[in-house]
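To start, the structure itself, in structure tokens.
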Amino acid sequence: MIRGAAYTVGLMPVDVLAEVVANTPLAPDYNVLTLAAPAIAKHAAPGQFVMIRTAAGLDPLLRRPFSIFEHVRDADGRLVGISILNKRAGAGTARLYAARPGDRLAVLGPLGRPFVPVHPPAEAWMVAGGVGLAPFASVASALADLGTSMTLFYGARSARDLYYESLFTGLGTRLVLTTEDGSRGEPGRVTGPLARELAARPADRPLTIYACGPTPMMRAVARLGDTAGCPVYVSLEPVMGCGMGGCYSCVVPIRHDDAGGTHLVRSCVDGPVFAAATLDWDQLGSGH
Amino acid sequence: MIRGAAYTVGLMPVDVLAEVVANTPLAPDYNVLTLAAPAIAKHAAPGQFVMIRTAAGLDPLLRRPFSIFEHVRDADGRLVGISILNKRAGAGTARLYAARPGDRLAVLGPLGRPFVPVHPPAEAWMVAGGVGLAPFASVASALADLGTSMTLFYGARSARDLYYESLFTGLGTRLVLTTEDGSRGEPGRVTGPLARELAARPADRPLTIYACGPTPMMRAVARLGDTAGCPVYVSLEPVMGCGMGGCYSCVVPIRHDDAGGTHLVRSCVDGPVFAAATLDWDQLGSGH
Amino acid sequence: MADLSVRIGALTLRNPFMSASGCFGYGVEYADAIDLASLGAVVVKGLFLEPREGHAPPRIVETPAGMINAIGLQGIGVRRFVAEKMPELRRLGATVIVNVCGTTIDEYCEVSRVLADTEGVAAIELNISCPNIKEGGIQFGCSLAGTHDVVSAVRRVTTLPLFPKLTPNVTDVASFARAAEEAGADAVSLVNTFLAMAIDVETRTPMLSNVMGGLSGPAIRPIAVRMVWECRQAVKLPIIGIGGITSARDALEFFIAGATAVQVGTANFVDPFIWAGLTAGVDAYLDRHGLPRVADLVGQLQIPRKAHV
Amino acid sequence: MADLSVRIGALTLRNPFMSASGCFGYGVEYADAIDLASLGAVVVKGLFLEPREGHAPPRIVETPAGMINAIGLQGIGVRRFVAEKMPELRRLGATVIVNVCGTTIDEYCEVSRVLADTEGVAAIELNISCPNIKEGGIQFGCSLAGTHDVVSAVRRVTTLPLFPKLTPNVTDVASFARAAEEAGADAVSLVNTFLAMAIDVETRTPMLSNVMGGLSGPAIRPIAVRMVWECRQAVKLPIIGIGGITSARDALEFFIAGATAVQVGTANFVDPFIWAGLTAGVDAYLDRHGLPRVADLVGQLQIPRKAHV
Ligand SMILES: Cc1cc2nc3c(=O)[nH]c(=O)nc-3n(C[C@H](O)[C@H](O)[C@H](O)COP(=O)(O)OP(=O)(O)OC[C@H]3O[C@@H](n4cnc5c(N)ncnc54)[C@H](O)[C@@H]3O)c2cc1C
Ligand SMILES: Cc1cc2nc3c(=O)[nH]c(=O)nc-3n(C[C@H](O)[C@H](O)[C@H](O)COP(=O)(O)OP(=O)(O)OC[C@H]3O[C@@H](n4cnc5c(N)ncnc54)[C@H](O)[C@@H]3O)c2cc1C
Ligand SMILES: Cc1cc2nc3c(=O)[nH]c(=O)nc-3n(C[C@H](O)[C@H](O)[C@H](O)COP(=O)(O)O)c2cc1C
Ligand SMILES: Cc1cc2nc3c(=O)[nH]c(=O)nc-3n(C[C@H](O)[C@H](O)[C@H](O)COP(=O)(O)O)c2cc1C
Ligand code: FES
Ligand code: FES
């Protein structure tokens, strides 16, 4: 069942009662849900998100926002749906962790402003912390289509929390891995190698950085990019009530003048992807 | 997970997080759920009920009451659980209709006062309307154990709403079937053949009648039994908030004197099975 | 197809379903997804005279079958609304009702005056019930004199239909409906949100930056229905019922309790395409019950004599 | 194992978890299933002087994350309670609090006098907030003078700890807590249920025979928590928090907002074995946070300065 189609113009969201095609557990806290939602997949740009109802009843009541992870195709290459990379955080995500093939979930999307992939000769660096990996499968795929050279800096707590490496290497992505416990890649935070490589790179090569992860990580990446003179785009994850611009719950502070004044804008319609330089990182809460 | 066991004395209810072992659809509105709940099965008497949580979240909030249908045994004859005969009526029963093997449901029981099966030479007649069949699988099985001769008068809307005949015939039950559309058995209501057979039977043979179904049906059976001088026991189905005697939502009117005064008693603890003669049928609501 | 149109004072709406203020942005946000002209009315976000930044996030928190919000009436101010949003709303054929806020009676009047001069504003909903701002708002809504004063002051500056929006955070909501009626209101909207609060037990801090907020959603519906019914018996004014409506069935509860029209707030967050189902559901109900007009349902609650125990 | 005991005036409870009145029968119903002595207190069903039949069914209806009840205080009267139920409650070692009802101040006093003479009654909870009876009850609870009069009258006839139970159906609950405090109460219980209603749209009749009833359950929790916090700032009296508690986390919200103890009503219907999980959950929380006593949590809500937008 697709609703909204009759009213839809251009790239407006649709609401699909999508069948769960597969639920692939990755860890006790992580899974990938594949959803039959061709109408959403067709228009979804990298970094856009969907709002998913997690319960049949009224508790939990609100939908939950998720980045569109993969565009899913059938054997003939036809777009048949999307997947989401889900991390168990509370009641809603726990339900999605436990979802079973055949279940149906209301999925609204695609929503929000996407990451805009850069063309060669510019280079693209993606920086992902934990479940912040979610938007980058489609970013990487779009970059690959453009032939842009790309690197993924990907950090997690430990080796078993690093997923889908081959998806990225398969697209020609150079991987730089870090784990907090040192069980894989470089020990420590993902911003370590990022800072080093930024310092070491030739200054004349255009570079765009895309980041998603915990707010402190994104703040650090924004600062590093600023110092290095590279544009940084981040995907924020504030609490969202509606995803459509209706409720004003998801606001983030934007610098609206040089005197340090800020203005609150809705990240569901003006984001979730923002140019890091426009955000007021001092005012931005340290996330959920 | 069984809770309450530590506190349980005698036949007090336990709360079991029971696995759905099987869900057998009978019709678009009826199914049988088999639940792994040996601790409940062990103490369950015919006509007792369980209270089942139908949602993981808080909507629907309250448990729903169901008669214990079958005692379920494994290949070795060990009691492993119970089943319920579920009719889709609203949100909660719709969830139980859609339940899948492997799901887990909180099941509290056994609760309430049972039907007491009569011994030979007394004869037993069971009268079931629609989903009112539910308590009689275990009643019939108890009667069979006692060697009591029994008849089931079983009425439904149409042939496809008559279930589990072979279960009853297998226990030696004589079946008298009626359907409102005449597609099987005698056309009309189950009280038709009941009245006829009551009128025709030898007056000196002791007979006890057990009934469960819509309130108007039970009221009619009570009247017929009264006229024929046979004790009638009915199982009522009022709305129940707790099933434990705590909320006083489930009250039914009992005649407490000959002057026609009534008194409201809780059907979860003083019932759901009542001697029909003690109920004030004029005051009793016509059911849900 | 039954007649779904309803009259609220001088205003006729094509159907009784409106977006609730603050739950539908300025309407234009939804214009690409749904046909705004298919709604009975679009009630836009609360507006003051000047732009307002609202409260710091977190601004919402979910609760069982509900949510608490403390948006703090972030908004662009009435003049920018008139200049930037009204042209598109007019172009789209929306019936526009503006939710008017103020910290003083003068401000309510001033905002209303601006709207009275604006083409395409169908009515004013007077927000005297927002629990999320310190000054004004609910202070008026929690006092009978305050309610009377605001409504009669605004009444003097505009002939637009005037719908004071009442707060449920009072002992006797019907007396407030009466005060509104006496002051010259054309209808009352009820209810706004219930003052509420949630605590993060791990940090022992409030979940909302503003500490308290307003509870909305299905959780509050049974209280809202009761208040509509109480007011139905107290006043002749049309009532616009609000609170936890998620389906045609829920809306029917409000009509039967005495609401002439209803607003949908929180449920629109969960289902932005809810509107077609609401009209279809009520239409099917009317057909099934042989009722030609939704207006025939209003206040049709039957109280049976207590025949059965 | 942290210290879960709490003091409410002169009364010390082994833990802060009580059954809410009307949601646990006379306690004896649950005696075979759970150890009544393991509860902080058993608050029994509301009692008048004489037996009462209550309202005709249907008496409850479920709503989103809640339920509405109009039981109408069916009960055996205080004398039969004392004769028939108290002996077993004493034998089981339960700490018994009796919820006292009345249609007049004299009746409240008379019932309280009977209880004052009864061995094993630990305290009286004065029900001046039941929305389900026509005379008395909520009439006192909705007027400051009425609240003061009932409490001070009962205060004169007994030295038992006295806990007026407040209704949430008022504009300013804190003023009622103050009235109770001034009249000599030892604590306040809050909240009772919210006046509410549900309609069967097919028959266009109320779902409850009594038309209106009281909303309880998780749906109301955010409002109840707010009211506890408001009262915490208004009075010195211990507060017994009530409303929608289903888990240790929910109870912690009430403690942090300012409740010394809590009652569990509707959730007991859903889970009669809830008690062990509540004490274990709060105990684990206290250990995790390095707090030796649950009493240390009471009113510990921290309001952060608004540092971040
Ligand atoms: C644009 C966007 C894209 C996202 N993409 C993904 C993704 O691809 N994969 C993924 O696993 N998660 C993603 N998230 C986060 C995800 O939406 C939240 O983890 C989820 O809503 C939590 O719901 P819950 O019911 O499990 O937890 P709750 O019980 O609601 O809360 C658990 C914790 O999560 C926080 N939280 C609650 N709601 C939100 C919210 N809407 N956003 C952020 N934090 C919240 C709470 O403050 C609490 O700390 C995204 C969020 C946004 C805004
Ligand atoms: C002792 C007892 C034994 C029962 N045994 C069975 C059984 O074996 N199989 C079976 O299918 N049903 C049985 N029922 C009825 C079953 O409990 C209700 O159909 C069920 O609770 C409805 O829940 P729902 O959420 O699907 O419907 P709801 O959405 O809650 O309501 C749908 C309709 O059912 C009515 N209803 C709601 N709650 C109850 C209730 N607790 N009892 C009766 N009617 C109610 C409502 O008034 C409404 O008309 C039994 C009831 C009792 C009291
Ligand atoms: C996020 C949010 C913002 C709101 N903003 C306003 C507002 O600006 N003005 C107003 O009168 N009511 C406002 N309300 C209240 C709603 O209009 C409505 O009265 C309330 O939410 C109850 O309806 P519901 O349960 O359908 O949401 C707001 C509600 C929410 C949830
Ligand atoms: C079925 C039922 C009966 C109740 N009876 C009483 C009563 O007799 N006296 C009383 O003071 N409160 C009574 N209450 C109110 C509860 O004690 C409690 O205040 C309210 O239900 C809120 O708590 P909860 O959300 O945990 O249920 C009753 C509530 C319910 C649901
Ligand atoms: S989530 Fe509602 S406005 Fe952004
Ligand atoms: S269902 Fe609660 S007393 Fe019977």
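Chain identifiers are assigned alphabetically (A, B, ...) following the order of the sequence lines, protein sequences preceding nucleic acid strands; residue numbering begins at 1 within each chain. Note that these values count all heavy atoms, side chains included, but never hydrogens, waters or copies made by symmetry.
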> Less than 4.0 Å between a side-chain N and a carboxylate O, is that true for D15(B) and R63(B)?
Replying inline: yes
Heavy-atom nearest pair, L35(B) first then V21(B), reads C-CG2, 4.4 Å
Ring centre gap for Y210(B) and F115(B) strictly below 6.0 Å = yes
query: Between the main-chain N or O of L96(B) and the side-chain N or O of N31(B), is there a donor-acceptor pair closer than 3.5 Å?
result: yes
Bottom line for M240(B): the part with an atom under 4.5 Å from chain D's heavy atoms is backbone
Of the listed H263(B), R266(B), R53(B), the one with the largest count of heavy-atom pairs under 4.5 Å with chain D is H263(B)
Residue from D59(B), L58(B), L62(B) scoring the most non-hydrogen pairs under 4.5 Å with chain D is L62(B)
The interface call for L108(B) against chain D, heavy-atom contacts under 4.5 Å, is side chain
